[in-house]
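Numbering starts at 1 and runs along the sequence shown.
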Amino acid sequence: MGKSFSKWGEKEFREYLNGEGKEQAERFVKNMKKGNIAAVVKHVAKSGMSREVCFYALEVNEDGSVYSYEINKFIARAGGFKIATDPYGFETDVILNGFGFDVIYACLEHVYNHIKEYTDLTDKSFSDVYRGYSLL
């Protein structure tokens, strides 16, 4: 029921991350460095081997108030993950295969490594910038 971007290759990732997704990639790296990524597990398969996760980035307005915005579409495209769709065809959550909450860490690492590999936005390793995520 989900759309798949997993058949993308090097060319498609490079074009997306340097074109349509470049601004989002910059914001993702900035928020990753601050630890301002939140993940909400919406559904876990009965087998426990896949889950649907909604990702948010947290930022601060000029007045100091915090706001969040959904980054599911970016995560799915930048990482090559499937994205779930609701009965009306709207894209909803990122589908992650695997068990435990390590799949969220692995997803964020995978997206970051694609950004590092296919853009010039960062030259640091994931472990140098990773500050954790909030699991809600």
Side-chain angles (χ1 to χ4, degrees):
M1 186 176 215
K3 293 184 179 181
S4 175
F5 300 104
S6 59
K7 295 186 181 190
W8 282 18
E10 181 177 340
K11 178 184 176 205
E12 290 83 1
F13 285 123
R14 186 178 309 281
E15 287 176 356
Y16 175 70
L17 290 170
N18 287 292
E20 177 187 348
K22 185 170 185 167
E23 181 183 333
Q24 292 174 316
E26 290 170 345
R27 290 175 82 179
F28 177 81
V29 170
K30 179 181 79 171
N31 286 311
M32 179 63 69
K33 288 178 180 179
K34 293 180 178 179
N36 291 347
I37 303 292
V40 178
V41 178
K42 297 274 190 87
H43 176 73
V44 178
K46 285 183 181 181
S47 67
M49 293 301 293
S50 82
R51 55 204 72 241
E52 293 179 14
V53 180
C54 187
F55 288 92
Y56 296 93
L58 308 171
E59 292 188 0
V60 179
N61 283 323
E62 291 177 7
D63 66 358
S65 62
V66 176
Y67 69 97
S68 65
Y69 60 95
E70 192 177 291
I71 57 173
N72 291 336
K73 195 172 187 178
F74 171 74
I75 294 286
R77 287 190 175 161
F81 300 105
K82 292 181 180 179
I83 191 160
T85 53
D86 67 13
Y88 303 103
F90 293 104
E91 296 174 338
T92 56
D93 306 315
V94 179
I95 300 171
L96 301 177
N97 294 320
F99 58 92
F101 293 112
D102 288 348
V103 296
I104 297 170
Y105 173 90
C107 170
L108 295 174
E109 181 179 29
H110 192 69
V111 170
Y112 182 85
N113 287 338
H114 274 179
I115 292 169
K116 182 180 178 209
E117 183 175 355
Y118 300 122
T119 72
D120 60 356
L121 296 175
T122 184
D123 60 350
K124 296 186 182 226
S125 71
F126 181 74
S127 60
D128 288 339
V129 299
Y130 179 70
R131 298 291 176 261
Y133 62 87
S134 298
L135 183 61
L136 307 173

A.B. asks: I need the minimum non-hydrogen distance between A78 and L17, along with the two atoms involved.
C.D. replies: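 Closest pair (atom of A78, atom of L17, distance): CB-CD2, 3.8 Å.
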A.B. asks: Please determine whether side chain to side chain contact (heavy atoms under 4.5 Å, CB included) holds for the pair V29 and K116, giving the CA-CA distance in whole Å, both sets of side-chain angles, and the decisive distance to 0.1 Å.
C.D. replies: CA-CA 10 Å; V29 170; K116 182 180 178 209; over 6 Å; no
A.B. asks: Rounded to the nearest 0.5 Å, what's the gap from CD1 on I115 to CG on N18? Could you check?
C.D. replies: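 The CG atom of N18 is 10.5 Å from CD1 of I115, to the nearest 0.5 Å.
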A.B. asks: Side chains of F126 and M32: closer than 4.5 Å at any heavy-atom pair?
C.D. replies: yes
A.B. asks: Minimum heavy-atom separation for C54 and E70, please, with both atom names.
C.D. replies: SG-OE1, 3.7 Å
A.B. asks: Are the side chains of D93 and H43 in touch, meaning some heavy atoms are under 4.5 Å apart?
C.D. replies: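 A side-chain contact under 4.5 Å is absent here.
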A.B. asks: Are any non-hydrogen side-chain atoms of Y112 and K124 less than 4.5 angstrom apart?
C.D. replies: yes
A.B. asks: Quick one: closest heavy-atom pair of K33 and R131, and the distance?
C.D. replies: O-CG, 3.0 Å
A.B. asks: May I ask you to establish whether R27 and F74 are in a cation-pi arrangement, using a distance under 6.0 Å from NZ or CZ to the six-membered ring centre and at most 45° from the ring axis?
C.D. replies: no
A.B. asks: Can you confirm whether the side chains of Q24 and Y16 place a donor and an acceptor under 3.5 Å from each other?
C.D. replies: yes
A.B. asks: Are the side chain of E15 and the backbone N or O of E12 linked by a donor-acceptor pair below 3.5 Å?
C.D. replies: no
A.B. asks: If I compare all heavy atoms of V44 with all of V41, which pair ends up nearest, and what's the gap?
C.D. replies: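 Smallest interatomic distance, heavy atoms only, reads CG2-CG1, 3.7 Å.
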A.B. asks: Can you measure from CD (E10) to NE2 (H114) and round to the nearest 0.5 angstrom?
C.D. replies: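 Here the rounded value is 9.5 Å.
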A.B. asks: So, applying side chain to side chain contact (heavy atoms under 4.5 Å, CB included) with I37, which one of L108, V111, I75 is it?
C.D. replies: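 Result: among L108, V111, I75, L108 is the only option passing the side chain to side chain contact (heavy atoms under 4.5 Å, CB included) with I37.
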A.B. asks: Could I get the full list of side-chain hydrogen bond (donor to acceptor under 3.5 Å, both in side chains) partners for E109, not counting sequence neighbours?
C.D. replies: none
A.B. asks: Any non-hydrogen side-chain atom of I104 less than 4.5 Å from a side-chain atom of L96?
C.D. replies: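 Contact flag for I104/L96 side chains = yes.
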A.B. asks: How many angstroms lie between OG1 in T119 and CD in E26, if you round to the nearest 0.5 Å?
C.D. replies: 8.5 Å
A.B. asks: Please give me the minimum heavy-atom distance between C107 and F81, naming the atom from each residue.
C.D. replies: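 Result for this residue pair: SG-CE1, 3.5 Å.
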A.B. asks: Less than 4.5 Å apart, side chain to side chain, heavy atoms only: is that true for N72 and T92?
C.D. replies: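 In short, these two side chains do not touch, never coming nearer than 4.5 Å.
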A.B. asks: Specify the closest pair of heavy atoms between A57 and I71, including all atoms of both residues, with the distance to one decimal.
C.D. replies: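 Heavy atoms only, the tightest pair is CB-CG2, 4.1 Å.
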A.B. asks: Rounded at 0.5 Å granularity, tell me how far CZ in R14 sits from CD in E117.
C.D. replies: 7.5 Å
A.B. asks: Got a sec: does the OH of Y67 have more than 12 other heavy atoms crowding it under 6.0 Å?
C.D. replies: yes
A.B. asks: Side chain of N61, backbone of D63: donor and acceptor closer than 3.5 Å?
C.D. replies: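 No; zero donor-acceptor contacts below 3.5 Å.
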A.B. asks: So do the side chains of N31 and L58 get within less than 4.5 Å of each other, counting heavy atoms only?
C.D. replies: no
A.B. asks: Using the rule that Ile, Leu, Val, Met, Phe, Trp and Tyr join whenever any side-chain heavy atoms are under 4.5 Å apart, tell me whether Y69 and V94 fall into a single cluster.
C.D. replies: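 Yes, it is one cluster - the side chains of Y69 and V94 are joined through contacts under 4.5 Å.
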